[in-house]
Amino acid sequence: VVETASIREVVTGRHTASMMEGLGAWLILLTSYTVTNFAILSCLAAIIGKFSRRSLSFETASLDGLAPALTPTFREVMVFYSVATTRGFVIYLMLTGGLILLSTTTVTESSPSEYIKLASTISIMAFMAGYDSKVFKQSLDRIATFSVEGKAKT
């Protein structure tokens, strides 16, 4: 957990800094600020979920004495992981969007304990979305079941 209030002052120009300090502040802010950190975390969790799913199929095939499936091309692998990354990012958007509707301070000014809870929730959901596309589809379907009035359809 990195406190970014002083770093945000450097980035916004409220505090004078050299160019190197400014670049360092941007780098720290992009990786440590709660909102951007959640985005990075959810994308990485989805990639790890996809990696886990693919490695499980290879492990199962080798334990059963079967030859692993044909090795995919680099392009196919990039498609697998870019789709998983997109799913993770959509999970991030759904959760942070919902939290911001309830209270912007929950996301932008969270305490370390709130951050851990939010990061854990987003990571687990993004991991599952990367691991199994059905989980991602169910999440989207659940959101789609709400009508314009905000009530669940029956």
Side-chain angles (χ1 to χ4, degrees), residues 1-4 7-8 11 22-154:
V1 178
V2 176
E3 178 59 44
T4 60
I7 296 167
R8 287 183 297 202
V11 169
L23 287 174
W26 269 106
L27 180 65
I28 292 171
L29 188 63
L30 287 174
T31 57
S32 301
Y33 186 51
T34 304
V35 178
T36 55
N37 186 262
F38 284 163
I40 294 167
L41 222 93
S42 62
C43 291
L44 286 175
I47 290 169
I48 292 169
K50 185 62 171 176
F51 183 78
S52 298
R53 177 66 174 234
R54 292 192 73 232
S55 65
L56 181 66
S57 65
F58 284 114
E59 184 178 331
T60 303
S62 67
L63 288 175
D64 292 339
L66 303 171
L70 295 173
T71 305
T73 65
F74 178 75
R75 186 177 186 154
E76 291 170 334
V77 170
M78 291 306 295
V79 168
F80 293 150
Y81 290 108
S82 61
V83 169
T85 304
T86 304
R87 286 187 204 136
F89 190 71
V90 170
I91 293 292
Y92 156 77
L93 291 175
M94 289 188 317
L95 289 176
T96 55
L99 289 172
I100 288 173
L101 282 175
L102 297 174
S103 167
T104 55
T105 58
T106 303
V107 178
T108 58
E109 299 172 16
S110 59
S111 69
S113 63
E114 288 174 329
Y115 171 82
I116 297 296
K117 290 175 192 174
L118 291 172
S120 300
T121 303
I122 286 177
S123 295
I124 289 169
M125 290 185 72
F127 178 89
M128 291 308 298
Y131 186 82
D132 189 359
S133 60
K134 292 175 189 169
V135 171
F136 180 70
K137 185 176 179 329
Q138 288 172 349
S139 299
L140 291 179
D141 289 345
R142 195 165 286 169
I143 290 172
T145 59
F146 289 97
S147 68
V148 177
E149 298 170 3
K151 297 178 183 176
K153 292 181 180 179
T154 56

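In this chain, residues are counted from 1 in sequence order. All figures in this text were calculated on a predicted structure; none of them were measured in a lab.
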- [ ] With rounding to the nearest 0.5 Å, note down the distance linking OG in S42 to CD1 in I47.
- [x] 9.5 Å

TODO: Give me the one residue out of I91, L95, T121, T96 that meets side-chain contact (heavy atoms from CB on, under 4.5 Å) with F38.
DONE: T96

TODO: Please tell me if the side chains of L140 and M94 come closer than 4.5 Å, counting only heavy atoms from C-beta onward.
DONE: yes

Open item on the list: Nearest 0.5 angstrom please: D141 CG to K134 NZ, how far?
Closed with: 13.0 Å

Open item on the list: Return the CD1 to CG distance between I28 and L23, rounded to the nearest 0.5 Å.
Closed with: 11.0 Å

Open item on the list: For K50 versus F80, what's the shortest heavy-atom pair and its separation?
Closed with: CE-CB, 3.8 Å

Open item on the list: Can you tell me how far apart CE (M128) and OG (S123) are? Round to the nearest 0.5 Å.
Closed with: 13.5 Å

Open item on the list: Within this structure, what is the CD1-CD1 distance for the pair I40 and I122, rounded to the nearest 0.5 Å?
Closed with: 12.5 Å

Task: Atom pair OG (S120) and CE (M125), whose distance is rounded to the nearest 0.5 Å - done: 13.0 Å

TODO: Mind listing the closest non-hydrogen atom pair of A129 and V135 along with its distance?
DONE: N-CG1, 4.5 Å

Open item on the list: Please find the pair of heavy atoms, one from A84 and one from G130, that lie closest to each other, and give the distance.
Closed with: CB-CA, 4.3 Å

Open item on the list: I'd like to know whether OH of Y81 has more than 12 heavy-atom contacts from other residues, nucleotides or ligands below 6.0 angstrom.
Closed with: yes

TODO: Can you sort out the partners of Y92 under ring pair (Phe, Tyr, Trp, His ring centres under 6.0 Å), two or more places apart, ordered by chain and number?
DONE: F89

